[in-house]
Novice: 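Starting off with a structure, shown below.
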Amino acid sequence: MPELPEVETIRRGLNEHLPGLSIEEIEVFFPGILKNESPDNFRLRLLRDCFVQVDRKGKYLLLYLASDQVIVIHLRMTGNLYYTTPNYPKEKHLHLLFILDSKEELRFVDQRKFGEVYLILASQVQDFPPLKKLGLEPFNSSLSLYKFEEMLKNSKRPIKQFLLDQTKIAGIGNIYADEALFLAKVMPTRKADSLSREEIRRLFRAIREVLKKSIKAQGRTFSNYRNARGEAGDYQPLVHDRERKFCPFCGTPIEYTRVSQRGTFFCPKCQK
Ligand SMILES: [Zn+2]
């Protein structure tokens, strides 16, 4: 599933390219992707509208238009959003297509069909329920070390489960939770309130470090994630999905467990 680095990479790519382009035609191939509007209304409301800016909140993309409408998109498991030329072959799982006045196309492709697309007004963004529930942004100054420590001290859940909770910190998913806990040398199964000050400080730093590193690499390298130009990322996980391969720090084979139903990878020697 795309997490903060992948969604942020897509945002940056779209934001470099879309502003100033207008929508000449829309085709909806899978109506189920539109969560709050019919295909006909979606098309009518957006035809000839012009992209202004692309923002991100947690794992949501917000495409702002000149009319003060906003297309809100969650990619879920396998969604991809990218622009391409019309002669690029149409994908089997192409669900939504915007034809732009540059004659390029903005395509939403999603193999598993869990992706979500909403059309709302800019004035509704603040109170839009899926966005309103989101917790703090990892790179926002509102998530201070002090605030992070306070949140952990009030949670008895396993630390990994805490990190996955989008209502606490937004944007961290299964991969980067494993990676951050590995860098911080903390076992994913530890109760959040059992972490020492030093461990909390290491984890706080590790979260930003791993997200930054992955954004720089344009997201992870495997699975069907693609950036806004349809290219794969280059981030190579250190422990995630590397069961029985060797820990890059100590050479011990990486182990696998489950934390609240999520596949979890860790080094049994480095992480305490
Ligand atoms: Zn190790």
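Atom set for the values below is all heavy atoms of this structure, side chains included, hydrogens, waters and symmetry mates excluded. Remember, it's 1-based here, ligands and their atoms both numbered in the order they're listed. Residue numbers run from 1 in the order of the sequence given.
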Novice: Ignoring hydrogens and angles, state whether a donor on the side chain of Asp234 or Gln218 is under 3.5 Å from an acceptor on the partner side chain.
Specialist: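 Distance-only check fails for Asp234 and Gln218.
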
Novice: Are Asp49 and Ser67 close enough that a side-chain donor and a side-chain acceptor fall under 3.5 Å?
Specialist: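 The answer is yes; a qualifying pair exists.
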
Novice: Only protein N/O/S atoms count here: give how many lie under 2.8 Å from the Zn ion (ligand 1).
Specialist: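 Considering protein N, O and S only, the Zn ion (ligand 1) has 4 within range.
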
Novice: Checking the side chain of Glu3 only, and the main-chain atoms of Ile175 only, is there a donor and an acceptor separated by less than 3.5 Å?
Specialist: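 Checking the backbone N and O of Ile175 against the side chain of Glu3, a donor-acceptor pair under 3.5 Å is found.
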
Novice: Would you call the rings of Phe148 and Phe204 parallel, tilted or perpendicular, taking 30° and 60° as the class edges?
Specialist: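 The rings of Phe148 and Phe204 sit tilted, inter-plane angle from 30° to 60°.
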
Novice: For a quick check under 3.5 Å, do Ser214 and Tyr176 share a side-chain donor-acceptor pair by atom type?
Specialist: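 Result is yes, a qualifying pair exists.
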
Novice: Can you say whether the rings of Phe128 and Tyr118 are parallel (under 30°), tilted (30 to 60°) or perpendicular (over 60°)?
Specialist: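 Answer is perpendicular, since the angle exceeds 60°.
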
